[in-house]
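Residue numbers start at 1 and run along the sequence shown.
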Amino acid sequence: MPHTSKLSPLMIQGCTSDAGKSYLAAGFCRLYANRGIRVAPFKAQNMSNNAGVTPDGGEIGRAQLLQAQAARLSPSVYMNPVLLKPEADSMSQVILLGKAQPQLKAIPWQERKDYLWETVKSSLQKMQNDYDLLIIEGAGSPAEINLRSGDIVNMRIALEAQAQVLLTSDIDRGGSFAHLLGTWHCLERHEQQRIAGFLLNKFRGDASLLGNAMEWLEGKTQIPTLGVIPMLNLPLPTEDAYSQQAGVLNGSDSDCVSMTGQVTRIAIIRTPYMSNFDEFDALINEPDVQVAFVDKPTELADVVAVIIPGSKHVSVDLEFLKQGGFAARLHQLAAQGVQILGVCGGMQMLGRSLNDPHNLEGGYTSQGLGLLAIDTTLEAEKTTQQTTATLVNSGAQVTGYEIHHGKTSADNGVKPYLKNQQELVIGYVQGNIAGMYAHGLFDNAVYRQEFLQKLGIEAQAGEWSEQVDAALDTLALHLEKHCDMAAIDRAIGLRG
């Protein structure tokens with residue numbers, strides 16, 4: 001029987017960034033969804049250039065899209081009401097309930113947080129009303145003393161939601177018990193009372209070597225350790241870190257060999273404001289290719305394909321390609337017949353010009369790489385939509401999403417590569433150079449197959465969403481095994 005009564009929200013906070021909060025929140029979403037509970041994810045504020053699009057065209061963080069899939073839900077902007085997309089070291093685009101709010105850039109942060117809090121609070125209330133259990137994700141650490149006055153995502157949310165908090169530490173990095181104790185000490189007494197338990201995440205080795213450390217920690221805090229969770233490598237997207245499965249292009253014995261017997265290397269150029277790089281996870285997990293993010297043009301040796309990813313600041317990333325020597329190297333590779341693909345901002349960089357009449361990126365007109373005979377103008381209104389598109393060459397249908405300010409026109413010699421559901425051309429091809437506005441196409445087995453066939457490779461993996469779904473089930477079972485679920489269930493008010 002499905003559970004129908006309201007439960008206390010379960011919140012995953014971390015001692016540090018990259019403690020595994022997003023990963024654990026997804027696992028708990030799937031765990032409770034598998035029990036028939038109406039569970040949903042929530043993260044008040046996310047800072048990431050990995051964004052996706054909800055069915056109604058709103059932007060939210062990719063982590064919450066994964067967590068929605070884990071909960072078997074359609075994603076909603078209320079799951080991530082505030083998304084900050086960094087555009088410079090001290091500037092971010094503010095996405096509020098899925099839509100960009102450029103006027104908020106001018107408001108100082110301490111004043112802005114009061115404005116954002118009202119939206120966060122109402123979104124939290126809506127989610128609590130609509131679902132029986134929320135799995136809430138924090139951000140960074142709740143013990144950042146310099147940020148506590150502006151907190152709208154950690155303990156302020158825990159107190160507002162009356163959530164039971166699991167404080168998580170990445171034990172693989174060392175210092176976990178000091179992190180947990182120190183974080184607890186930095187909290188106010190009423191905040192400490194919200195912590196139901198500690199989790200030691202990403203554990204490797206023999207658990208007996210932990211000795212009585214958990215008892216020592218509980219003696220200091222009166223809080224039990226409710227999980228020692230072993231490291232588990234699964235094909236799940238990370239929130240805002242480069243995939244650990246992507247190696248380096250170094251000619252090692254691990255290089256893959258294609259059907260033609262040639263070493264098969266695909267490079268993705270790591271630009272300063274690269275965005276949506278998780279969309280290449282499906283390609284990285286293809287067994288017959290070696291994919292790597294590269295930082296230097298000298299790493300573009302013996303490659304069969306190069307991908308320029310999306311960008312949150314196209315003009316800066318374009319200048320990076322020119323000044324860093326990538327532009328010249330890409331022209332050499334293009335002349336050699338190497339396949340070059342630009343995704344969204346990457347496509348715009350491949351063109352002849354980038355015009356910015358609305359001062360979105362400094363107001364300049366930039367000369368592109370000149371590998372595609374296209375020209376782009378950045379428009380004030382951003383296009384954000386889920387997309388069903390047609391590959392013009394084969395007629396195959398694929399799904400993805402669009403997030404872009406650009407409007408692109410092409411010369412007659414450039415062929416359409418991709419058309420969206422409105423029959424608008426959103427991709428272009430010119431010989432061995434192609435570009436497209438659609439993100440997420442590598443998740444489609446048919447697109448990976450078409451892309452890799454040009455390189456003499458047979459795609460072996462199936463639909464990426466099915467692989468992710470299977471990984472989420474594995475993660476849920478992993479948490480069931482290595483966490484004290486009876487204690488966690490009691491904390492949220494779930495009775496067997």
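A donor-acceptor contact shorter than 3.5 Å is absent between the side chain of His358 and the backbone of Leu360. No side-chain donor-acceptor contact under 3.5 Å links His313 to the backbone of Pro86. Formation of a donor-acceptor pair under 3.5 Å by the Asn420 side chain with backbone atoms of Ala389 is not found in this model. For the pair Lys126 (side chain) and Lys121 (backbone), a donor-acceptor distance under 3.5 Å is absent. Here the side chain of Gln13 pairs no donor or acceptor atom with the backbone of Pro142 at under 3.5 angstrom. With hydrogens and angles disregarded, a donor-acceptor distance shorter than 3.5 Å links the side chain of Asn432 to the backbone of Val338. Between the side chain of Asn80 and the backbone N or O of Gly61, at least one donor-acceptor pair lies under 3.5 Å.
In this structure, the separation between CD1 on Ile457 and CD on Gln449 is 10.0 Å, given to the nearest 0.5 Å. The CZ atom of Arg194 sits 14.5 Å away from the CG atom of Asn154 when rounded to the nearest 0.5 Å. With rounding to the nearest 0.5 angstrom, the OH atom of Tyr23 is 4.0 Å from the CG atom of Leu232. To the nearest 0.5 Å, atoms CG (Leu477) and CG (Leu31) are separated by 8.0 Å.
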Margin query: Show, in sequence, the C-alpha distance, side-chain angles and deciding distance for Val39 and Leu134, and conclude whether the side-chain contact (heavy atoms from CB on, under 4.5 Å) test is met.
Written below: CA-CA 6 Å; Val39 60; Leu134 292 190; over 6 Å; no
Item checked: Working for salt bridge (Lys or Arg N to Asp or Glu O under 4.0 Å), residues Glu191 and Arg156 -> CA-CA 9 Å; Glu191 296 171 332; Arg156 192 172 183 185; over 6 Å; no
Next item on the list: Walk me through it: do Arg30 and Asp469 pass the test salt bridge (Lys or Arg N to Asp or Glu O under 4.0 Å)?
Entry: CA-CA 9 Å; Arg30 177 52 61 92; Asp469 212 58; 2.8 Å; yes
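Of all heavy-atom pairs between Val120 and Phe42, the closest is O-CZ, 4.0 Å. What you find for Asn444 and Glu463 is that their closest heavy atoms are CA-OE1, 3.6 Å.
One finds a salt bridge joining Asp278 and Arg62 here, because a Lys/Arg side-chain nitrogen approaches an Asp/Glu carboxylate oxygen to under 4.0 Å. Salt bridge status for Arg352 with Asp411: present, with a side-chain N to carboxylate O gap under 4.0 Å. Arg448 has no carboxylate O lying under 4.0 Å from a charged side-chain N of Asp443, or vice versa, which leaves the two without a salt bridge.
Between the side chains of Glu137 and Gln64, a donor-acceptor pair is found at a separation under 3.5 Å. With hydrogens and angles left out, the side-chain atoms of Asp56 and Thr54 include a donor and acceptor closer than 3.5 Å. Donor-acceptor pairing under 3.5 Å is lacking for the side chains of Tyr437 and Thr387. Side-chain N/O atoms of Asp473 and Asn34 include a donor and acceptor closer than 3.5 Å. For the residue pair Ser275 and Asn49, no side-chain donor N or O sits within less than 3.5 Å of a side-chain acceptor on the partner. When only modelled atom types and interatomic distance are considered, Ser141 and Thr16 share no side-chain donor-acceptor pair under 3.5 Å. Side-chain contact annotation: Ser409 with Asp375, donor-acceptor N/O pair under 3.5 Å absent. No hydrogens or angles considered: nothing links the side chains of Gln69 and Ser465 as a donor-acceptor pair under 3.5 Å. Looking only at atom types and distance, the side chain of Lys382 has a donor-acceptor partner in the side chain of Gln93 under 3.5 Å away. Residues Ser394 and Glu450 have side chains that bring a donor and an acceptor to within less than 3.5 angstrom of each other. A donor-acceptor pair shorter than 3.5 Å can be found between the side chains of Gln460 and Asp288. Between the side chains of Thr388 and Gln421, no donor-acceptor pair is found at a separation under 3.5 Å. No side-chain donor from either of Gln164 and Ser8 sits under 3.5 Å from a side-chain acceptor of the other.
For Glu279, the side chain to side chain contact (heavy atoms under 4.5 Å, CB included) criterion is met by Asn276, Val343, His439, not counting sequence neighbours. In this structure Glu144 satisfies the side chain to side chain donor-acceptor pair (under 3.5 Å) test with no other residue, sequence neighbours excluded.
Looking only at side-chain heavy atoms (C-beta outward), Leu116 and Arg112 come within less than 4.5 Å of each other.
Ring-plane geometry between Phe442 and Phe451 is classed as perpendicular, the angle between the planes exceeding 60 degrees on a 0 to 90 degree scale with a lower cut at 30.
Between Tyr273 and Phe320, the gap from one ring centroid to the other reaches at least 6.0 Å.
For the side chain to side chain contact (heavy atoms under 4.5 Å, CB included) criterion with Val82, the lone passing option out of Leu104, Val153, Ile60, Leu96 is Leu96.
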